[in-house]
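Everything below concerns the one structure shown next.
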Amino acid sequence: MLQRTYVLKDGFSITDMVEQLQALPEYAKAQTRLLELFEPSDDTVLIQQELNILHEALPDCRVVGMTTLGPIVEGMVSQTHTVLSLFLFMESTVLLQSFDCNSMTPKSAAQRFVQQLEALSDVRGIFMSFSNFQLCPTTFIYEVAESYPEVPIFGAAAGTRRVGVDTSRVFLDQHILHNSIIAVAFAGKQLHIQPTYTLGFRPLSRPLEVTDAREDGYVRTIEDEPAINVYKRYLDIQPGRDFHRDVCAFPLMKKNHELMKAWVPIDATKDGALLFSAAVKKGTKLFLSYTKSEYLLRDALRDANTQLRFEPQALQLFACLNRRLFLGNELANRELQYFSAVHPEYFYTYGNCEILHTQKGGGILNSSIVGIGMREGNRTGEEEPLPIHDSKIEQKTASEALNDHLVNFLEETTRELQASMSELTRLANHDQLTSIANRRSLGKALQWELAKQQPRKNLGLIMFDIDHFKRVNDTFGHETGDLVLIKIAETVGTTIRHNDLLGRWGGDEFIIIATETSAEGIAQLAERIRSTVASLDFGEIGPVTISLGGVIASEADDVSSLFSHVDRALYHSKGKGRNQFTSYEEMGILGEAPALRKRSFSF
């Protein structure tokens, strides 16, 4: 495999490039030829001329590409010249497709692409790009990933020369496309692909819940307030012409499987909604994030060394201009130089967002560098290559040092606040004596299970209390009674299944929420708990037994009725002599009227 990258500048034209690559001995030998074109201009007449030249001069070479993103702020260095990168595969093949999303959804496009991939064996990676900021092709990524979970999907969204004006386009051979997806599958037994994901941003705020969102990327409210308030309140950033520029250094992050993803809003609407390149689901927990130069550079250096050990024969980077906005041009160039040291023929480009999906998670990304190394055959080196070092990472100007001190202060303060919040949450949801779930937590868990369980015949409840517990307290004292409660809670906690929830309802009464069970399963679990407790050694107190009641949820049940049913079953067990289990359903079959007692089931 061979990669050659060309930049059209200083009088070097696309015709000159064609002559050079045609002269390559490997060009004639290659089984598959692919040219990737990244164009900073949004002049479709110019782009069409370039595509026509390539088609006429290189009829045996496929072409894909996209427009790139222009500078976010004045003075920022972005791509100003056309970049073309040639990939020559000696043993591998590619499948290229485009999908017009004016006539189909991203999901249906993915389904069609998956069908086409069935004709291809040994798929190793999929490149994709799309045009139109509001296309939101997340469903395309996830639909393809479902059929090919081990295959990395990577690329970038087409950018636009002027921020806020969508002139993005993607290219396939001679065609310039808008509101479209292009996809390229790479396949071959000897083809190896190494993805890397460079971020370096850190979550800073408390979790912020999305409370209203649409599938087209609009987030209307966060914490039941207009979404824009997150940026107004914490950063004093107002919607307006420069909104995208102002929020670039402060992406919102969320955890996706093993990866932390960062998203930057493209725009804010008059009613306070935020627009993202990816669909954000209601209920998603977001975090405002921050970084410092050292974090970004260290992550980039780490991933450059990962690619170095891989020994790529081709290397492509899809980077985010947010990093350049934060780092400045000099440091942003330095992190790219790490990858240049790995493979001098590499290329990088800036799109409206980055794309990477692997088994670790991912999807539509911002503020990152997605690196894709490719190689046909095995590594040639027998020993690990010497790693790339950068001794300048820790060298800072006075203003950078001051900024880092402030960031360290924010980090430590945030850690302390998060620790305090975690402890308060634990105290709010756990019984202080036994450390198991408390009444409030049990009620919330049961509400959630009732809303989730369809059908409800798989959800069960057990309630038990300690027989003659008042006698224990009166005879041996409340401290001894507390020790009995703790020992029983610990014992039952190790007796139930891992997906069951044990909690203290109050006093000597306990509740178990059992999922994925049946009436027979509840009876077996209750008997196992009863016999285990009865066999415990409580020393001078003597034997301690418990009485239990159980119920399986019906379609008509709510939290209050379930607690009422299980309480009646427990009361029935006590009335029949204690140290036994009664199911609410069994009481109805036997025609025994459940005993009633006035109870409050609020939580």
Side-chain angles (χ1 to χ4, degrees), residues 422-449 459-517 521-551 559 562-563 565-567 569-571 573-574 578-583 599-603:
S422 295
E423 178 62 13
L424 287 172
T425 301
R426 189 190 69 79
L427 291 173
N429 291 292
H430 289 79
D431 177 59
Q432 292 189 28
L433 176 65
T434 61
S435 297
I436 60 177
N438 61 12
R439 186 182 185 118
R440 174 178 178 271
S441 183
L442 285 168
K444 288 173 62 178
L446 189 56
Q447 280 184 324
W448 189 82
E449 289 293 344
L459 177 64
L461 209 62
I462 296 174
M463 175 182 274
F464 69 88
D465 71 3
I466 302 171
D467 297 331
H468 305 298
F469 185 65
K470 185 176 183 301
R471 188 184 305 167
V472 174
N473 280 332
D474 292 345
T475 305
F476 299 98
H478 287 279
E479 288 187 6
T480 300
D482 287 348
L483 293 176
V484 171
L485 291 171
I486 293 170
K487 187 170 184 176
I488 288 179
E490 290 176 347
T491 300
V492 175
T494 60
T495 305
I496 60 177
R497 304 169 304 168
H498 73 278
N499 56 325
D500 296 333
L501 176 65
L502 169 67
R504 186 181 177 196
W505 186 250
D508 65 325
E509 290 182 322
F510 296 82
I511 291 281
I512 298 165
I513 300 174
T515 59
E516 298 301 322
T517 189
I522 284 289
Q524 291 173 351
L525 176 60
E527 176 55 28
R528 188 163 68 247
I529 293 169
R530 188 204 62 76
S531 60
T532 301
V533 171
S535 67
L536 293 175
D537 182 3
F538 287 96
E540 62 175 344
I541 299 175
V544 174
T545 62
I546 59 174
S547 298
L548 309 93
V551 66
V559 173
L562 266 180
F563 279 131
H565 296 337
V566 78
D567 179 63
L570 167 60
Y571 196 53
S573 290
K574 298 183 79 67
R578 296 183 171 86
N579 191 24
Q580 59 186 278
F581 167 75
T582 302
S583 74
R599 298 290 304 274
S600 170
F601 296 104
S602 61
F603 47 88

Check whether any side-chain heavy atom of [X] lies under 4.5 Å from a side-chain heavy atom of [Y], and answer yes or no.
X      : Y      : answer
Leu501 : Glu449 : no
Thr480 : Phe538 : no
Phe581 : Ile522 : yes

Quick one: closest heavy-atom pair of [X] and [Y], and the distance?
X      : Y      : result
Val472 : Gly481 : CG1-CA, 4.3 Å
Gly550 : Ala569 : N-CB, 3.8 Å
Leu570 : Glu509 : CD2-OE2, 4.3 Å
Val566 : Leu461 : CG2-O, 3.6 Å
Glu540 : Phe476 : O-CZ, 3.7 Å
Arg497 : Thr515 : NH2-O, 2.5 Å

Determine whether a donor-acceptor pair (N or O, by modelled atom type, separation under 3.5 Å) exists between the side chain of Ser573 and the backbone of Leu548.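 Side chain of Ser573 to backbone of Leu548, a donor-acceptor pair under 3.5 Å: yes, one is there.
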Flag, side chain of Asn438 to backbone of Ala428, donor-acceptor distance under 3.5 Å: yes
Is any NZ, NE, NH1 or NH2 atom of the basic residue among Glu527 and Arg530 found under 4.0 Å from an Asp or Glu carboxylate oxygen of the other? yes
Is the shortest side-chain N to carboxylate O distance from Lys470 to Asp508 below 4.0 Å?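 Result for this pair is no, no salt bridge flagged.
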Applying side-chain contact (heavy atoms from CB on, under 4.5 Å) between Leu562 and each of Ile513, Ile511, Val551, report the one that passes. Val551
To the nearest 0.5 Å, what is the distance between [atom1] ([X]) and [atom2] ([Y])?
X      : Y      : atom1 : atom2 : value
Glu490 : Ile488 : CD    : CD1   : 11.0 Å
Lys574 : Ile546 : NZ    : CD1   : 10.0 Å
Glu516 : Asp500 : CD    : CG    : 10.5 Å
Phe469 : Thr545 : CZ    : OG1   : 12.5 Å
Leu442 : Asn429 : CG    : CG    : 10.0 Å

Ser547 and its side chain to side chain donor-acceptor pair (under 3.5 Å) partner, picked from Asn579, Thr582, Asp467: Asp467
Anything under 30° is parallel, anything over 60° is perpendicular, the rest tilted; go ahead and classify Phe464 against Phe510.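 The rings of Phe464 and Phe510 lie parallel, inter-plane angle below 30°.
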Leu446 vs Leu459, side chain to side chain contact (heavy atoms under 4.5 Å, CB included): CA-CA, chis, key distance, verdict: CA-CA 9 Å; Leu446 189 56; Leu459 177 64; 4.2 Å; yes
For a side chain to side chain contact (heavy atoms under 4.5 Å, CB included) check, start with the C-alpha distance between Leu525 and Arg528, then their side-chain angles and the critical distance, and finish with the verdict. CA-CA 5 Å; Leu525 176 60; Arg528 188 163 68 247; 3.1 Å; yes
What do the steps show when you test Leu485 against Arg504 for side chain to side chain contact (heavy atoms under 4.5 Å, CB included), and what is the final call? CA-CA 9 Å; Leu485 291 171; Arg504 186 181 177 196; 3.6 Å; yes
Run Ile529 and Ile512 through side chain to side chain contact (heavy atoms under 4.5 Å, CB included) and show every step you take. CA-CA 11 Å; Ile529 293 169; Ile512 298 165; 3.3 Å; yes
